*Asks:* 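Below is a structure I'd like to ask you about.
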Amino acid sequence: MAIAPNQKYKDAYVDLSKGQISREIFVNEEIYQRELEQVFARSWLFIGHESQIEKPGDYFISGMGEESVIMCRDRESKVHVFLNSCRHRGMKVCRYDEGNTPVFTCPYHGWSYATDGKLAGIPYFKDAYHGEIDRTQWGLVEVAQLRIYKGTVWATWDQTAPPFLEYLGDFKMFLDLSLDSWDGSEGGSEVIGGVQKWMIPCNWKFPAENFSGDSYHNISHRSVDMVGIGPSGTGRRDMNERNQAKRLHILFPERGHHTGAYLLPKGDSTPPAYQDSPVVSEYFAHCERERRRVRGEWSRLVGSPGEIFPNTALHPRQPRTIAVWHPRGVHQTEVWRWYLVDRAAPDEVKNFLREYYIRYSGPGGLTEQDDMENWNYAHSASRGTIARRYPYSYEQGLGYERADFEVDGLKFPGLVTDLSEVKSSEDNLRNLYRRWADFMDADSWDVLANWRNGSGA
Ligand code: FES
Ligand code: FE
């Protein structure tokens, strides 16, 4: 079912005045193809972490939308992101997941590229090409913009997109909750272990909306809460902290980013003892004291799942991960999950967290398995001819988001819902689709960067 030429996605599929969204946007092939152009080719996307490519020649193969890209560090130590496709006939110039190389040699006919993307070698250059092909024109295709922020690498194919920090806007403070060290010092995160990658049979927006802060699906995780997979052995996280904190949703309508957050009680807060490990317990107690000292009242703000539009999910702590929902056709998603720790943490702490992370997240993680079961069955049960006729309901909390939210003298940017009062809201989910429709409808970044003129997209 194609959209009529004069219709907007905002009206045809995403009706936020009623809080209803068409199932078509999850299952329609034509809409999916348009997403690749309108959303993925124009947004800032998460590529990886600098700690994955520390030395010159190090590379990590990542993805942007459906396409494979090479994140690498050249001989001068500069980081690049290139399309992983040979300029001669399109072969993947790198078929490994990661490694170190002085040069990427295409396995098809042997063109070779330096780690700065320049075409370095062409077989039979003098004989077959008569020395005439202009090698400077045939380097690897490089992203239009790249930004390294506190160790994380971001890129976009769109030269006209706003710079990364402008794209983030006031959401920056929430990305910082994932990237700063637990003691409150700036940056200092590193990737631990490998990146977990796996396929799930659902549209990429199912996990994207869930990690926007679907505060309504707690029932799905009842079993892990009962088993107590959390770091202190109760619930799936540190439940005491969670239960005492004020729970918030914060969203940014002009940017399409949103997150959950916890505001810890005033005064000292002591983390629980971590499974009788004095080293781990002391590390977090120390960090907690330090964070309070460095950040004052704002140290009470700790992260909860959230998302940078369109497909980068942040899980700032417990466990601390970054996920990307790579589109792989309208009915399939490839999930990549990175696991972060404080670089300066003792090995015992890193190992403790690694074990907790993988029993929570990833294909073998008990909590993530709960989620995947929902997304996968929801997708398959929404594909049918009859099912597609009926919209989903996103009415929860519609119209109750608050501007100028302030608590204990802490003024929050964006629109906020206090979940401690209302238990749950679908505000963040609506925010994802509001921005998605903006991207699907807008012809250019002049329209999408609506904060520059205050007019709204
Ligand atoms: Fe790469 Fe021909 S496709 S050298
Ligand atoms: Fe969940």
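Atoms within a ligand are numbered from 1 in the order they appear, just like the ligands themselves. Since the model is a prediction, treat every value here as computed from it, not as a measurement.
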*Asks:* So which of the N, O or S atoms of Asp371 lies nearest the Fe ion (ligand 2)?
*Replies:*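 So the atom name we want here is OD1.
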
*Asks:* Number the atoms of ligand 1 from 1 as they appear, then name those within less than 4.0 Å of a heavy atom of Gly110, with their elements.
*Replies:* 4 (S)

*Asks:* Is there an N/O/S atom in His109 that lies less than 2.8 Å from atom 2 (Fe) of ligand 1?
*Replies:* yes

*Asks:* To the nearest 10 degrees, how large is the angle at the Fe ion (ligand 2) between His217 NE2 and His221 NE2?
*Replies:* 100°

*Asks:* Closer than 4.0 Å to some heavy atom of Cys106 - which atoms of ligand 1 meet that?
*Replies:*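 Close to Cys106: 1 (Fe), 3 (S), 4 (S).
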
*Asks:* Quick one: which ligand 1 atoms are inside 4.0 Å of a heavy atom on Trp111?
*Replies:*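 It comes down to these atoms of ligand 1: 4 (S).
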
*Asks:* For the residue pair Trp436 and Phe40, is the inter-centroid distance of their aromatic rings smaller than 6.0 Å?
*Replies:*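 They do not qualify: ring centres at least 6.0 Å apart.
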
*Asks:* Tell me whether the rings of Phe164 and Tyr167 are parallel (<30°), tilted (30 to 60°) or perpendicular (>60°).
*Replies:* parallel

*Asks:* Report the atom name of the nearest N/O/S atom of His88 relative to atom 2 (Fe) of ligand 1.
*Replies:*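 Sorting the N, O and S atoms of His88 by distance to atom 2 (Fe) of ligand 1 puts ND1 first.
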
*Asks:* Atoms of ligand 1 less than 4.0 Å from Arg89 heavy atoms?
*Replies:* 3 (S)

*Asks:* Does a donor on one side chain and an acceptor on the other come within less than 3.5 Å for His331 and Arg383?
*Replies:* yes

*Asks:* Looking at Tyr283 versus Phe352, is the centre-to-centre ring distance below 6.0 Å?
*Replies:*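 When the ring centroids of Tyr283 and Phe352 are compared, they turn out to be at least 6.0 Å apart.
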
*Asks:* Would a line drawn from the ring center of Phe82 to the ring center of Phe104 be shorter than 6.0 Å?
*Replies:* no

*Asks:* If only atom types and distance count, is the side chain of Thr156 paired as donor or acceptor with the main-chain N or O of Ser43 below 3.5 Å?
*Replies:*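 Yes, the answer is positive, given that a donor and an acceptor are paired below the 3.5 Å cut-off.
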
